Amino acid sequence: MKLSDTLTGEKRDFEPAGDVVKIYVCGVTPYSASHVGHAMSYIVFDVLHRYLEYRGYKVRRVQNFTDIDDKLIDRAAQQGKTVEELAGQYIDEYFEDMDALNVRKADEYPRATQEVPKIIEMVAGLIEKDFAYPSHGDVYFRVTKDEGYGKLSHRSVDQMRAGARVEAGVEKDHPMDFAVWKGAKPGEPAWDSPWGPGRPGWHIECSAMSLRYLGESIDIHGGGQDLVFPHHENEIAQSEAFTGVAPFARFWLHNGLLLKGDEKMSKSLGNLVSIREALESYSSDAIRLSVLKSHYRGPGYYSDEALAENDRALNRFRQALQAPSNAGAGSKLDAAGYKERFIGAMDDDLNTPQALATLFDMARDINRDAETGSDVGDAQALLRELGTAIFGLTFKEREVEVGDDKAAEIQALVDRRVELRAAKQFADADGVRDELTALGVTLTDSAGGTTWHVD
RNA sequence: GGCGACGUGGCCAAGUGGUUAAGGCGGAGGUCUGCAAAAUCUCUAUCAGCGGUUCGAUUCCGCUCGUCGCCUCCA
């Protein structure tokens with residue numbers, strides 16, 4: 001299969017270096033509820049993981065939690081909680097959200113606060129090689145010492161300097177030098193180190209965790225496009241400087257960002273939609289579909305219209321999966337071609353829109369052939385397998401709570417209409433249906449009787 | 001200012017140097033159904049604009065216009 005690599009800018013053949021595909025994905029900073037932008041990113045890497053396994057690879061995926069940083073410290077202080085309590089709360093919520101979205105668990109979820117010894121080891125190693133230097137309780141990475149700095153984000157140190165908004169009053173040798181260790185201010189959580197009490201810089205934790213859990217060189221490093229610079233650029237710099245091994249990651253995969261309206265969804269713009277809010281109105285299938293509908297490297301757009309549209313589209317799959325199959329019929333819908341198309345699309349840098357189109361084509365052909373009494377069992381099984389195993393869909397109807405009393409009331413009306421229809425009093429029957437429609441009930445008449453559901 | 005991405009039907013969104021430019025939603029019409037719903041069939045685009053390369057470009061190159069992201073914490 002082919003994958004795009006941000007570093008080289010190329011799409012090229014992917015094979016893991018060893019027996020296991022080693023993947024590191026940058027996780028969240030748990031200081032507030034995860035939003036649908038996070039959902040998009042983790043769904044993308046979930047599908048990557050699922051697809052690699054489908055293609056027969058063993059996969060080891062590691063995803064961190066940045067459970068110590070400025071925002072966590074500030075917010076914990078505001079709420080009168082410890083950083084640990086606050087982070088723990090949102091980590092729990094993160095797992096609940098991902099479960100609800102049917103995102104499979106990574107193999108490891110290391111936390112920055114539990115990796116401090118490894119981080120200190122790296123910082124010390126970087127100082128020893130003169131890639132880093134202590135300054136006033138902090139330790140900074142020396143950007144000018146790294147010739148390759150800027151290779152991921154395709155810019156030179158000089159270019160960055162031109163547009164950089166430089167922190168004032170910080171004792172750095174070069175404006176672009178970044179902190180690998182931050183000295184603690186009074187009252188902040190801190191760990192002892194050779195440079196005084198402090199905590200890890202943001203970037204170093206990912207380098208340390210990737211190194212500890214996956215080794216010096218990994219196959220795929222993933223994250224949102226907004227992490228390319230500075231976070232991933234800095235990870236490369238630290239990791240390769242510390243280990244002397246390159247490449248730190250063989251493929252850099254970055255998902256596009258989720259926009260709302262025409263702007264990025266972000267805290268500062270106040271347009272965040274949390275995952276739990278979205279799940280109040282839409283199914284996880286609909287949310288996953290909105291991610292799969294467009295290519296992972298392009299931007300996503302969040303809108304209520306699109307989510308509602310997805311629920312309608314998903315009905316096509318549910319109908320096709322329920323279509324009657326005439327096992328042993330003379331004519332049989334051959335599933336092999338669809339599978340080949342699906343794999344061909346996914347092998348091409350995870351072209352989920354095209355793979356999804358294959359599934360829709362399959363649904364249409366299943367429905368058409370089922371009407372003529374063909375055996376569509378193989379195709380239905382394939383549709384279900386690809387949809388659930390790789391795309392992580394459930395194909396379940398969104399459950400709407402209907403109380404027992406209301407259900408009895410509805411059923412009584414439905415029964416009355418059935419009687420009226422049997423008596424061919426269609427005008428009255430239609431009147432009853434109007435009443436039911438007003439209650440949000442949709443009826444379906446078929447040879448087997450009348451069924452109803454509430455949207 | 002620097003770096004990068006993008007501009008395809010009413011909306012969303014794949015794709016290709018040259019036979020019919022996927023798919024979803026929506027719209028119009030037909031089949032089926034007492035009527036609906038569902039399903040199915042048919043129809044619904046010349047690919048931002050201008051130049052260039054080419055026998056031929058929506059697809060390659062340049063410019064213009066427009067949009068977005070990153071350059072500061074961010075999936």
Side-chain angles (χ1 to χ4, degrees), chain A residues 6 9 25-29 31-32 34-45 63 66 69-71 150 153-156 158-167 176 202 222-231 233 254-259 262-268 272 289-290 292-295 297-301 303 305-306 308-316 318-320 322-323 341 345 348 351-361 363-372 421 424-427 429-430 433-434 437 442-447 450-453:
Chain A
T6 306
V25 178
C26 288
V28 297
T29 300
Y31 74 105
S32 65
S34 298
H35 55 75
V36 286
H38 295 124
M40 174 169 165
S41 185
Y42 299 117
I43 288 170
V44 165
F45 291 103
Q63 183 176 319
T66 301
D69 94 321
D70 291 340
K71 293 186 296 289
S153 49
H154 307 291
R155 45 189 112 176
S156 68
D158 290 341
Q159 283 172 340
M160 290 183 250
R161 198 172 182 178
R165 280 161 264 181
V166 180
E167 268 180 86
M176 294 310 296
W202 175 35
Q225 263 167 9
D226 51 353
L227 297 182
V228 172
F229 190 90
H231 186 56
E233 191 71 63
H254 291 104
N255 62 276
L257 301 180
L258 188 69
L259 312 181
D262 286 328
E263 292 170 314
K264 175 177 161 181
M265 188 175 278
S266 74
K267 192 124 220 150
S268 52
L272 288 180
L289 205 61
S290 65
L292 299 167
K293 264 167 76 172
S294 61
H295 191 94
R297 276 183 295 121
Y301 297 92
S303 76
E305 295 73 29
E309 174 185 315
N310 289 346
D311 267 326
R312 292 193 288 275
L314 282 159
N315 265 326
R316 301 181 63 73
R318 296 190 199 106
Q319 293 291 338
Q322 288 165 13
R341 261 180 72 195
D348 183 16
N351 192 331
T352 54
Q354 234 169 47
L356 187 62
T358 304
L359 260 37
F360 278 114
D361 281 344
R364 184 198 57 221
D365 292 346
I366 287 169
N367 284 325
R368 185 167 50 196
D369 285 17
E371 277 187 7
T372 61
R421 286 185 70 221
K424 298 207 185 297
Q425 295 176 354
F426 294 123
D430 287 349
R433 179 162 59 198
D434 289 344
T437 301
T442 304
L443 296 169
T444 305
D445 297 323
S446 68
T450 297
T451 58
W452 61 272
H453 71 273

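Every value quoted in this text rests on a predicted model; they were computed, and no experiment measured them. So that the names make sense, note that chain A is the first sequence line, chain B the second, and so on, each numbered from 1.
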D226(A) atom CG is separated from rA5(B) atom P, nearest whole Å, by 17 Å
Any idea which of [options] is nearest the [X] side chain?
X: N255(A); options: rA75(B), rC41(B), rC35(B); answer: rA75(B)
X: P353(A); options: rA39(B), rA13(B), rG23(B); answer: rA13(B)
X: Y42(A); options: rC73(B), rG23(B), rA75(B); answer: rA75(B)

Determine whether a donor-acceptor pair (one donor, one acceptor, N or O, separation below 3.5 Å) exists between the side chain of [X] and the base of [N].
X: D445(A); N: rC35(B); result: yes
X: E309(A); N: rG24(B); result: yes
X: D430(A); N: rG34(B); result: yes
X: R421(A); N: rG34(B); result: yes
X: R433(A); N: rC35(B); result: yes

For a quick test of reading the model: is some side-chain N or O of N351(A) closer than 4.0 Å to OP1 or OP2 of rG15(B)?
yes
Is the shortest side-chain N/O distance from R312(A) to OP1 or OP2 of rG26(B) below 4.0 Å?
yes
Using both distances under 3.5 Å as the test, list the Watson-Crick or G-U wobble partner of rG69(B), or none.
rC3(B)
Any heavy-atom pair between the side chains of N310(A) and K293(A) that's under 4.5 Å?
yes
